[in-house]
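In what follows, residues are counted from 1 in the order of the sequence shown. Please read all numbers here as calculations on a predicted model, not as lab measurements.
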Amino acid sequence: MTISPTLHKYLSAENIEYEEIPHVLTMSSAHTAQACHVPGDRLAKAIVLRRDGGYLLAVLPASHHLRLADLRARFGDNIAMAGESEIDQLFADCAHGAVPAAGICYGLDVIVDDGIQMQPDIYIEAGDHETLLHLGRAQFARLTANALHGRISAHD
């Protein structure tokens with residue numbers, strides 16, 4: 001498996017330019033950043049949250065952790081981490097746990113942490129555990145154009 005079909009179709013339809021970066025099998029964003037020699041601040045990890053009977057994708061630097069309390073303060077107390085089976089259902093064409101930071105093509109609302117969107121270039125999971133996509137800041141901005149933005153994470 002390489003780039004997920006849903007993500008590939010969306011990027012092609014929107015003419016979003018990217019470079020595929022193959023890497024050894026990794027099972028966490030921190031290990032992926034190390035394997036690819038990419039600063040953790042430039043690797044966007046995606047966290048799926050349950051909200052009001054729907055879902056929200058939080059996108060933040062791999063070197064950060066989500067501040068769930070800040071999200072609850074902004075959106076209400078009904079935000080919780082989605083379960084693995086829910087995530088697998090939402091991202092059915094991705095490997096288990098390899099969620100791309102591109103919720104729009106999966107029909108999800110997205111909130112992007114201010115810390116990732118200011119990077120000169122950004123790397124995102126392609127939908128497997130062996131491929132990253134490298135995007136320039138402008139391309140990432142196009143990918144997340146309809147997303148909400150804010151400080152939702154803190155550096156580890």
I need the [X] [atom1] to [Y] [atom2] distance, nearest 0.5 Å.
X: L66; Y: L60; atom1: CG; atom2: CG; value: 6.0 Å
X: C94; Y: I87; atom1: SG; atom2: CD1; value: 11.0 Å
X: D109; Y: F75; atom1: CG; atom2: CZ; value: 8.5 Å
X: L25; Y: T131; atom1: CG; atom2: OG1; value: 10.5 Å
X: Q34; Y: S28; atom1: CD; atom2: OG; value: 7.5 Å
X: L133; Y: L11; atom1: CG; atom2: CG; value: 6.5 Å

Qualifying residue for side chain to side chain contact (heavy atoms under 4.5 Å, CB included) with Y106, from L57, V48, L90, T6: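 Of the listed options, the one satisfying the test is T6.
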Assess whether a salt bridge exists between D121 and R137, defined as any Lys/Arg side-chain N lying under 4.0 Å from an Asp/Glu carboxylate O.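 R137 and D121: not salt-bridged.
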Please report the shortest heavy-atom distance between [X] and [Y], naming the atom on each side.
X: P100; Y: A46; result: O-CB, 3.7 Å
X: G97; Y: D88; result: N-OD1, 4.4 Å
X: M81; Y: L49; result: SD-CD2, 3.5 Å
X: D156; Y: A62; result: OD2-O, 4.2 Å
X: A154; Y: R67; result: CB-CD, 3.8 Å

Spell out, as yes or no, whether a donor-acceptor pair under 3.5 Å connects the side chain of [X] to the backbone of [Y].
X: R151; Y: D114; answer: no
X: H129; Y: H96; answer: yes
X: K45; Y: H65; answer: no
X: D113; Y: I152; answer: yes

Any chance you could lay out the side chain to side chain contact (heavy atoms under 4.5 Å, CB included) test for D41 and H155, step after step, and finish with the verdict? CA-CA 9 Å; D41 290 346; H155 202 281; 3.6 Å; yes
Heavy atoms, side chains only, cut-off 4.5 Å: are P39 and S63 in contact? no
Is there a side-chain contact between L135 and I16, using heavy atoms and a 4.5 Å cut-off?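 L135 vs I16: side chains touch.
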Which residue pairs satisfy the side chain to side chain donor-acceptor pair (under 3.5 Å) criterion with at least one member in residues 9-23, sequence neighbours excluded? E19-H134
ILVMFWY cluster, [X] and [Y] together (side-chain gap under 4.5 Å):
X: L148; Y: I104; answer: no
X: L7; Y: Y55; answer: yes
X: V112; Y: L108; answer: yes

Before giving the answer on side chain to side chain contact (heavy atoms under 4.5 Å, CB included), spell out for V110 and N146 the whole-Å C-alpha distance, their side-chain angles and the decisive distance to 0.1 Å. CA-CA 8 Å; V110 178; N146 296 323; over 6 Å; no
Connecting only ILVMFWY residues whose side-chain heavy atoms lie within less than 4.5 Å of each other, what is the rest of I21's hydrophobic cluster?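 Reading the cluster by chain and number, I21 sits alongside V38, L43, Y123, L132.
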May I have the step-by-step check of side chain to side chain contact (heavy atoms under 4.5 Å, CB included) for I111 and R74, ending in yes or no? CA-CA 11 Å; I111 185 164; R74 185 169 177 178; 3.6 Å; yes
Could you list the residues that satisfy side chain to side chain donor-acceptor pair (under 3.5 Å) with R50, not counting sequence neighbours?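 For R50 the side chain to side chain donor-acceptor pair (under 3.5 Å) partners, ignoring immediate neighbours, are E86.
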